[in-house]
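Contents: one structure, followed by commentary.
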Amino acid sequence: MNKPSTADNHQPHGTEAVVTVQPVDAARSDINHTLTDNINIASDLQQWQALSAWSIVSNIFSTLKSILSNGFAIVPIVYTGWKQGFDMQWGILASGILLLLVTLLAIIEWRKFRFRLNNHQLEVKRGLLFTKKDEIPLSRIQNIRYEQPFYFKPLSLGTLVIETAGSKNDEAHLAALDTQQAQTLKRLLLNLPHAKTLSTSEHSQVNEQDSADTSQTVVRKSLWDLVLFGFYQNNFIWFAVIAGPIAGQVNWDNIFDSPVAQQFWLWAQQQTHQNIGLQTIMVIVVLFGVYSLFSLISIIAAILKYHPYQLDKHDDTLQRSGGVISHQQDALAIRRIQLVHVQQPIIARLFNRWTLYFKQVKGHEVEHKTKQHMLVPSVKSAEIESLLAKIPHLSGGASALPNSYSPIHVNWLTRRIALPLTLASVISIMGYYGNQSLGFFEVIWFAAIMVIVALFIRYKQWGYVVAEQVIWQHSGFLGQQWKRVTFEKVQHVSITQTQSQKQAKLAYVEVGLASGSVVFPYIPIQVAELIITRSLNATSHDNRNWI
């Protein structure tokens, strides 16, 4: 009986080999096709490019959003005018004229806007009567933010916002770019900070390197984390600023005399049996309920802006992505980070959560509308060190939050409580000779005691920790915050001493960074000299770490 031939024995394996090779070839073909597209896009970017006509829509929305965002102050005025018989027809006419002007300006901006990537800089031309040309060196670029509003998602369009060190406003706003074009331009701006030319061969090397780059996830945040963030990060004071003038226009007597209010007050008296303690607890519960109701706005805003939150490290760059309606990708070069700021509002202390900010060179930061920096929301205390450890190029290395701190000198407190005590004493003497009632003196001294208590709480929160590579500052009032200053980022140290501070061997120290100043009041002069010595030692080896 004849044995099967060798070819027959290996025929099934040969068939399997053919099947497995095809997907590999297809994947390589897709990669080559993508690289070719990126090279073509990069070559086109060397010529002057006009924005898509859809950028008109983006300019209209952004202008209207800016007007509405900065228009909180006119809310009470509009409300007061409406209560006094504001003519709605004039309001509609004014709104129509405003919309027409915004649209006209957006069209002109689109017609006049041009950009190109020339050698080692991004060039932008724009202007109405006079042409303005900006030449942005790639080494100056600090942040690149990719946005995709809901009206651009079906069109596969997005917007790049380029921000530079020390810039007060957005340096370049490239709206309605094709998604692939925007991502290619973003990679070129991030990965070629010291490039001299943008030849086709270099573009190929850059894109091949991009395909091989490893991306590491630093942190992800769940929906519950963002709910907590929106709850404790609620800025209730803005609500008070807007609602205060409006509340002054409301006739509270009619509200309190209404049947609903009377029934509620009767029910509260029955439940508390007219006990002052129980009534106080009920008032606190009601206020907490009002705060929680208002917090819904903050919670919804946090979810829409950040979910699903993810912070990744791409080589030497941090990238935050998220956003339900408008997707955003914020890119920040790690070398630009000047200060790590960890903040915990009073509500967040109940949940042991912190908000971590990466503060960069002072200017127009990533969170440009709220004047905030790239942030990580809802971080637990134990997570901070592991989070920083995933950013090895971060100046100063990984650092856990200190468990304790050295307090500032008590002279800071004694010099400040002297003012309310002196004022209360002088007013009391004047009231005595003015035959004021006992209630007058009670109010004066109660206010003075409250100020002293507030100063004492503030004093207890002031402190510092000097480590080998960093110095921590602790401060706060009801909440608390830590600022982590790396010695190699220090640009200057200013020491101020009054005559009394010289006698007590104390100093008022201001540490200057490219992101701003950090103040250490009433610390020993030996600590101030140690800060100077370590800062000079750190920057003497490499002064390029400043920005």
Side-chain angles (χ1 to χ4, degrees), residues 232 234-241 244 276-277 279-281 283-285 287-288 290-291 341-350 354 401-465 471-483 494-511 517-525 527-528:
Y232 73 72
N234 177 20
N235 197 350
F236 191 75
I237 190 171
W238 281 109
F239 175 76
V241 170
I276 299 298
Q279 290 179 357
T280 303
I281 295 175
V283 170
I284 295 175
V285 171
L287 291 176
F288 184 79
V290 173
Y291 177 88
H341 184 189
V342 190
Q343 188 179 48
Q344 187 180 55
I346 181 173
I347 302 297
R349 301 186 74 167
L350 302 176
W354 301 77
L401 286 182
N403 296 322
S404 60
Y405 53 87
S406 300
I408 62 174
H409 200 272
V410 71
N411 284 6
W412 182 93
L413 178 64
T414 56
R415 290 181 62 86
R416 281 159 178 77
I417 64 176
L419 180 60
L421 288 176
T422 302
L423 288 176
S425 300
V426 171
I427 295 175
S428 297
I429 294 173
M430 296 173 60
Y432 175 78
Y433 287 104
N435 296 322
Q436 295 292 337
S437 63
L438 180 62
F440 173 81
F441 298 100
E442 291 177 348
V443 171
I444 294 300
W445 283 99
F446 177 79
I449 292 173
M450 289 296 99
V451 172
I452 293 173
V453 170
L455 289 172
F456 178 76
I457 296 174
R458 174 69 168 164
Y459 159 72
K460 294 295 290 184
Q461 293 277 32
W462 270 113
Y464 59 91
V465 176
I471 179 172
W472 292 86
Q473 181 212 60
H474 185 273
S475 61
F477 184 61
L478 298 179
Q480 60 177 332
Q481 57 184 344
W482 286 96
K483 292 182 179 179
S494 174
I495 298 179
T496 305
Q497 285 182 299
T498 63
Q499 191 61 36
S500 61
Q501 286 178 329
K502 288 182 179 180
Q503 296 176 358
K505 296 184 178 180
L506 300 173
Y508 186 95
V509 180
E510 179 182 355
V511 178
S517 298
V518 181
V519 176
F520 298 86
Y522 284 81
I523 65 174
I525 189 65
V527 178

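Values reported hereafter were calculated over all heavy atoms of this structure, with side chains retained and with hydrogens, waters and symmetry mates removed.
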| request: Please tell me if the side chains of Y232 and I346 come closer than 4.5 Å, counting only heavy atoms from C-beta onward. | output: no
| task | Could I get the full list of side chain to side chain contact (heavy atoms under 4.5 Å, CB included) partners for P407, not counting sequence neighbours? | result | none
| said: Could you tell me if the side chain of H341 sits less than 4.5 Å from the side chain of W354, heavy atoms only? | reply: no
| How about N411 and L506: do any of their side-chain heavy atoms sit closer than 4.5 Å? | yes
| note | In short, A528 meets I495 closest at the heavy-atom pair CB-CD1, 3.8 Å
| message | So I523 and Y464, do their side chains get closer than 4.5 Å, heavy atoms only? | response | yes
| task | Determine the sole option in I452, V451, V453, T422 for which the side-chain contact (heavy atoms from CB on, under 4.5 Å) test with I417 is passed. | result | I452
| message | Please check if the number of heavy atoms outside M450 that lie under 6.0 Å from its CE is greater than 12. | response | yes
| Heavy-atom donor-acceptor pair, R349 side chain to L478 backbone, under 3.5 Å | yes
| task | Can you sort out the partners of F520 under ring pair (Phe, Tyr, Trp, His ring centres under 6.0 Å), two or more places apart, ordered by chain and number? | result | none
| task | Return the set of residues passing side-chain hydrogen bond (donor to acceptor under 3.5 Å, both in side chains) with Q473 (not counting sequence neighbours), or none when no residue passes. | result | none
| Which pairs count as side chain to side chain donor-acceptor pair (under 3.5 Å) when at least one residue sits in residues 426-449, sequence neighbours excluded? | S428-W445
| Is there a side-chain contact between S475 and Q481, using heavy atoms and a 4.5 Å cut-off? | yes
| said: Give me the atom names and distance for the closest heavy-atom approach of Q501 to Q497. | reply: OE1-CA, 3.3 Å
| query | Taking only residues two or more places apart in sequence or in another chain, which ones pass ring pair (Phe, Tyr, Trp, His ring centres under 6.0 Å) with Y405? | reply | H474, W482
| Separation of W462 CH2 from I457 CD1 (nearest 0.5 Å) | 15.5 Å
| message | Quick check: do L401 and V342 have side-chain heavy atoms less than 4.5 Å from each other? | response | yes
| Could you state the interatomic distance from CG (L413) to CZ (R458), rounded to the nearest 0.5 Å? | 12.5 Å
| task | Report yes if the side chains of H409 and P521 come closer than 4.5 Å at any heavy-atom pair, otherwise no. | result | no
| Distance-minimising heavy-atom pair for L455 and R416 | CD1-O, 3.6 Å
| task | Write down the atom of A424, the atom of A448, and the distance for their closest heavy-atom approach. | result | CB-CB, 3.8 Å
| field | Any W472 side-chain heavy atom under 4.5 Å of K483 side chain | value | no
| By side chain to side chain contact (heavy atoms under 4.5 Å, CB included) - contacts of V410 (at least two apart) | T414, Y459
| request: Check whether more than 12 heavy atoms from other residues, nucleotides or ligands sit under 6.0 Å from atom CZ of F440, and answer yes or no. | output: yes
| Of the non-hydrogen atoms in S517 and E510, which two are nearest, and what is the gap between them? | OG-OE2, 2.9 Å
